[in-house]
Peer 1: 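I have a structure here, written as structure tokens, and I will follow up with some questions on it.
Here is the naming used below: chain letters follow the sequence lines, and residue numbers restart at 1 for every chain.
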Amino acid sequence: MSGTLLGRIGAATLILFVVAAVFAPVLAPYDPTLRTAQPFAAPSFAHLLGANDVGQDILSELIFASRLSLTVGIVTACLATVLGATVGVVSGYLRGPVDGVLMRGVDVILSLPFLPLMIVLAAFLGQNTTNLILVIGLLIWARPARLIRSQVLSVRESGHVQAARAMGATHGYVMIRHILPRITPLVAAQFVRTANVSIMLEASLAFLGLSDPFQKSWGAILFYANARSAFLADAWLWWVLPPGLCIAAVVVSFAFLGYALEERVDSRLRSILPASEPQKDNEAPTPVGGGTLR
Amino acid sequence: MSTLLEVRGLSTVYHTSEGPVRAVDGVDLTVGRGEILGVVGESGSGKTTLVMSLMRLVKPPGRILKGSEMLLDGEDLFRLPRSAMPARRGRDLALIPQSAMHALNPVIPVDRQVAEAITAHGEARSKAALRTARDRLREVGISPERCHAYPHELSGGMRQRCVIAMAVANEPKLVIADEPVSGLDVVVQARILRLISELRESRGLSMILVSHDLTTVAKICDRIMVMYAGRIVEAGETRTVFEKPLHPYTRALVEAIPQVRGPRQTLRAIPGGPPDLNHLPPGCNFQPRCPAAFADCKVVDPSLEEAEPGKKVACLLYHEDERKLEA
Amino acid sequence: MRTMVIRGALRRSLRPALVAALGLLIVVALSPAAGGAQEPQQVEKLTIATEADKGNLTPYSFRPPPGIHSELTGLVYDTLFLDPYTEEPIPWLATEATASSDATTWTVTLRDGVAWHDGEEFTAEDVAFTYDYYREGPSNRYSHHASEVPVIESVEALDASTVEFTCADPCPTLDLVTLADLPILPKHIWENVADPQTYSDLPVGTGPYRLVEYVEDQSYSFEANEDYFLGPPAVQEIDMPIVPDPSSMFLALESGQVDTVTRNVPPELEERLEETENVELVEGKRFSSVFYRFNDERPPLDQQELRRALDLAIDRQALVDTVLLGSGRVGSPSFMHPDSEWYRPQDASFDPEQANTILEDAGISDSDGDGIRESDGEPVSLSIIVPANDPQQIRTAELITQQLAKIGVELETESLDPGTLSQRQNARDFELSSFQGVPHLLGDPTQMIESLDSLLFYSNPEYEMLRSEWFQATTAEQQSEVLSEIQALFAEDPPAFTLYYPDTKYAYNASAYEGWLPAEGHGIHHKWSLIPAASELMGVERVSQITPEESAGGGRASVYALVGAGIVALLALGVLLWRRSAHKTDEDQI
Amino acid sequence: MAQYALVLLVALSLNFAIPRLAPGTPIDYLVPSEQVATITPEQRERVLAQFGLEKPLLEQYWLYLAGIVQGDLGYSTQQGRPVVDMLLERLPWTLVLVGGAIALSLVIGAGAGFLSAARRGGQTEVGGLVFFMFLDSMPPFWIGMLLLVLFSGYLQILPVFGALPLTGAGGGFGLTFEVAQRLLLPLLTLTLVRAGWLFLVARSSLAGELSEDYIVMAEAKGLSRRRVVGHGVRNALLPLVTAVAVEAGTVVGGATVVETVFSYPGLGRLIYESVLSRDYPVLQGAFLLLAVGVIAANLLADLLYPVIDPRVRAEGAR
């Protein structure tokens, strides 16, 4: 019961944000790049969330900002999950030297300090959105790869995969027909997790002033708010709270979706798997952001 | 022999998304002291739900309906509050769960798991409990050197023995075994069944043995009840049920057993599959698959009545009074 | 039943606890802090929060971002004369200085009875050694004063307390500017320092304070030099924590954890800080400006008409009103800071129409009608590089982009992290670059002349002529005359577009110390605020003498209490929700 | 083990290359144009030479590797102080903060996660789940800022910055109290953020375990609810350990933002500042520390597996 309810809430919020992003020009009361009010104006009927340090309408900024955050979130998550899943499946299934090399590669990436790498790549590649997506995507696929691989390890031992191989199915066929469907819930969960991580990262980078300040994003709003000491003034109520809540809302709705997906898929899966199926795997099933496969 | 357990009108309902499902529907049964009662039925007939209900371990969305009674030594366990049940489980009634192969915690040595059953009831402190545990394990055939192994280091049969040792550790009045030997090869099955009957002799254990395999039940059970779609359709002495099965379903089950000796016969299976508990057929639950079904069967839902001394059956063939249409 | 009972009791007991928490919160927020101005003279300890780690405060430990490095070094080291931005040279370590008739050699007599912190005696040897060391050794913020403008050929200690300087060209303002800027190093220590960049011991100087502890990236601690030649300083101990985050810094000031902060008060916080109990604001007159430097080697910026048009198209008043919220003055082409002695007033003009006509006449027009003018076939699309961590400069660029669009010039902003920005600036790899003017660039004429070549790469034949005149000038008046001509020249052909001079207000806790002295070019956090004798010497009033306007106290506290209480209530609700939903699943199954 | 050495070598080489990839050199930052005097080429050479940066890249690489072996990480181009001292000064603060945050989030997050799964009884414990999911989705710097404003600004009960009290607050207890006071908010921020994630890991792994057959057996044995869940928890520990080990790398990165907000002198902030100032030696030293830390965490996890789950010993490592 509660899974589907959460799922519905999550889906509804996400749709709300997507609509806001797509129809931003229509929904936003003002053009966020124009100065339509006094700097630091408090909320009023004309400006529901007041104005920022140069008099741009904060509500319009919020609405337009959803575009960047959602695109970064979704596109990066796709990139990272596809890359992570492929590496995970291939190395988990083939094992042997391929597995060794890929996993050591993953270890190296996991050991790289994240933020400095972002700064260096941002400085080196320039700060437009595509670079941001590439940079974040190429760095966070390592974790999903590791987790998906661990799942593939146990799925690989299961009865029907062995049977398929025994009947002469090629590796590619087995991977796509047998292994992939079994790990879709985990892959979906990893998609949710990487979406969360990339939205959070984009916001942190913008907050540290390391991404393009003219690109309207929730992180950029927080950067200006912090730099212009909004936290100290009463402005924190309408300048700092909303962008943070927007980020949290998008991230949590992804998590709700992931949770609902995991719960529905899990229960369906549980009935198909015959009792004798080896249930246990000792690798890290990830949480609701990445439900375990039973 | 005096009765140890009397169950009356036990019904357990699962609230699924498609509506309530009566997995166990008004079951009555009795178990005498030192008696082994066999419960037989296809998978999906409600056997495991029956076992879980007797242990009061039914997990939501399942619920035991009010009005079900379970008198153990005269005390109705269903009246007890939930919090009082742990004290009874393992001491008064014990369970050998289904797929005992996975019933042991993989990360704890077996002797400590058995000892835990003992200390749970405050009988002894951990050192003493460990010693008793090792004795119990030796009794069921696990040698002392093997008893502090981890479950995955033991064979299926040995794991089954550990579970049995665990169940009987506190000398329970009643042991309920759910498919104790299914999944084991025939030789090991025989050994486990012999172990169970030895324990019955040495301990005077009364037992309910639930299985889908008639031959297992036939070997060691005193009385047999046949379960179909959550109901008891036939009950009686093991020998009489086998020699003269009354209910068509029982007859089909008995005839389905391949005879190793004697003339070759073509095996006959029962057409169709277990009914969908959400949409039970009208009248008798078995009538769609019953070779002897006739008009009334579609209307009347027969109740379990005495057909011969010591023999009950729920089928219109034997209860003229319940027939409606003919008169 | 046991667990049921406990849970119920718990729930009932939560309600009173919640109400109590609310009450407590309101009381705490409203209580006004005790305080009132006491006599500020002798103070045991002061806590000054500073925004960045400046290394171990030797002249070589300079480190970005721009901040009060020279003022901090000034606590430990002394200069021969007081300070380069005063009208008249004020003797400090030197008692007097006389120039030769052709103003190329100076004989300076030193104050005697001055000792280094480690007890060694301060002599002319130290002065001679210091100036040679600056000229020969690796460069630092001060060294070009000895090696380029002016070029000091030789420094010689005639006896224990007289030094003779000889400049390559006449240096009439040596005492007013150069001798007042360069801190003197102890010879007996620095003569065996091979690599000043990695010198990490605590500095030894003659100054009013000794640096007793330096924890990298955390804090400085100073102790008063009791036998300082101008008498013991007013404050015994100074603790200086390093607080990089601006909001935390002002929060610390508000909550009384620090007595003052070295970061100037951003315009948006002025009103709020004035309202805070005991906190006063004062204009520190620290020279600061923001200017755009252009790279005239790269077309189309090599065309002087285009530069002139750009200058005319920038609405400086709008920048001051929006970005500085009015706290600042419009930039002027004379580049130097209006409060400096050497400033010759010129006012910038804002006339987009004239800019358009200039561009049309120069043949830079919008031929393909896309709203952007083209210059010999190429669209006039310029890029500006700004520091990513300075929102004021970023917002300024955003506004100027809109202003230049009105005259058909497209401006694209690249915000770079400081490392990349410096590299691009040093390599002149930019079309336009945003700069923050620092005090000694806007107030020290020799520095301005020197940076016109090394920083601004200003190439103007007329200026070359005036520049050589400057070097021939033998008296201060002559130099000042040449300087005004140079600044007049800037009106037609500016070396850079000075956008605005932001006010530099500083906040301090009046109940802790009121001896702060707003010295021109330096703000209030410098050694003269802490030396009792300094204020008459410099003829500048301390803040305690300036009557502070009345500050309205605690009006805002009630808002906080409300918000704080709201959050506490929210948390309590969350806990209740958790309890209630947990309770539901436990009820008996039968 | 050999594989781990290889990983370390590759990581170190990347750490050597990455900072040099970024435009700008330490020199530009050392003598910024802001100093209003561009440096002459020969001065640039002299400064480069001081830090051995004028040598060809390959030679620098060998010196760098040789340095690591002898434990000499060179001098910081900004501070001019040996990198080893700088790192050792910062390490305790980061260990206290990050270690504390991981431990606390394990206790709070995992504890609540187990509780929520144990209480599940069929219908998910919605309240706790939603609360922790929200926690897991809030940006750390944002929470940090709000906590700072609330506790230090409005309630004015906690100090705002730094790690150590300015004046030595006397002996042991006074000092530890002061340090604890300053540690509270950054620790709370980091813990809140990580607790959400660990809650979800713990909840879902225990929920999985509780549907296993040995739990039914444990209940049948008559064990109390607490001991039954205990059985499940033992098995649920394994994925938790892996989750923490895998996340070890990002924790210090995450701490960077929190350390900046609270002016807390940890490794995270040092890395952030060194990246901006292109301080190669410090970056290399810090990256080395991080790489070793992450690999050690993974190694520790591998060692812990057999202890927690004997079957792993039988199947060999991962």
Peer 1: Quick one: what part of B/Ile176 sits under 4.5 Å from any heavy atom of chain D, side chain, backbone, both or neither?
Peer 2: neither
Peer 1: I need the contact set between residues 226-233 of chain D and chain B: heavy-atom distance under 4.5 Å, sorted by residue number.
Peer 2: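 The residues closer than 4.5 Å to chain B, in numerical order, are D/Arg227, D/His231.
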Peer 1: Residues in side chain to side chain contact (heavy atoms under 4.5 Å, CB included) with B/Arg203, at least two apart?
Peer 2: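 B/Arg203 satisfies side chain to side chain contact (heavy atoms under 4.5 Å, CB included) with B/Arg136, B/Glu139, B/Val168, B/Glu171, B/Leu199, B/Leu205 only.
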Peer 1: Looking at chain D, which one of B/Arg88, B/Gln113, B/Glu116, B/Met55 has the largest number of heavy-atom pairs inside 4.5 Å, strictly under?
Peer 2: B/Glu116
Peer 1: Given heavy-atom pairs under 4.5 angstrom as the criterion, report whether the side chain, backbone, both or neither of B/Met52 touches chain D.
Peer 2: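 Only the side chain of B/Met52 comes within 4.5 Å of chain D.
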Peer 1: For the atom pair CG (D/Asp213) and CG (B/Asn105), what is the distance rounded to the nearest 0.5 Å?
Peer 2: 12.0 Å
Peer 1: Could you state the interatomic distance from CZ (B/Arg56) to CD (D/Glu219), rounded to the nearest 0.5 Å?
Peer 2: 12.5 Å
Peer 1: Could you pull out all residues at least two apart from B/Asp111 that satisfy salt bridge (charged side-chain N to carboxylate O under 4.0 Å, His left out)?
Peer 2: B/Arg134
Peer 1: Which pair of heavy atoms, one from B/Pro97 and one from D/Met217, lies closest together, and at what distance?
Peer 2: CD-SD, 3.3 Å
Peer 1: If you take all heavy atoms of B/Ala120 and D/Gly222, which pair is closest and at what distance?
Peer 2: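 Closest pair (atom of B/Ala120, atom of D/Gly222, distance): CB-O, 4.2 Å.
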Peer 1: Does B/Val107 reach the side chain of D/Leu237, with side-chain heavy atoms less than 4.5 Å apart?
Peer 2: no
Peer 1: Just so I understand: if I count every heavy-atom pair under 4.5 Å between each of B/Ala103, B/Gly90, B/Pro151, B/Pro86 and chain D, which residue has the most?
Peer 2: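 Of B/Ala103, B/Gly90, B/Pro151, B/Pro86, B/Ala103 has the most heavy-atom pairs under 4.5 Å with chain D.
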Peer 1: For B/Asp73, give me all partners under side chain to side chain contact (heavy atoms under 4.5 Å, CB included), at least two apart in sequence or on another chain.
Peer 2: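 For B/Asp73, the residues satisfying side chain to side chain contact (heavy atoms under 4.5 Å, CB included) (neighbours in sequence not counted) are B/Leu4, B/Arg33, B/Lys173.
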Peer 1: Quick one: CG on B/Leu57 to CD1 on D/Ile215, what's the gap to the nearest 0.5 Å?
Peer 2: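 The distance works out to 12.0 Å.
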Peer 1: Indicate yes or no: at least one non-hydrogen side-chain atom of B/Met166 is less than 4.5 angstrom from one of D/Lys221.
Peer 2: yes
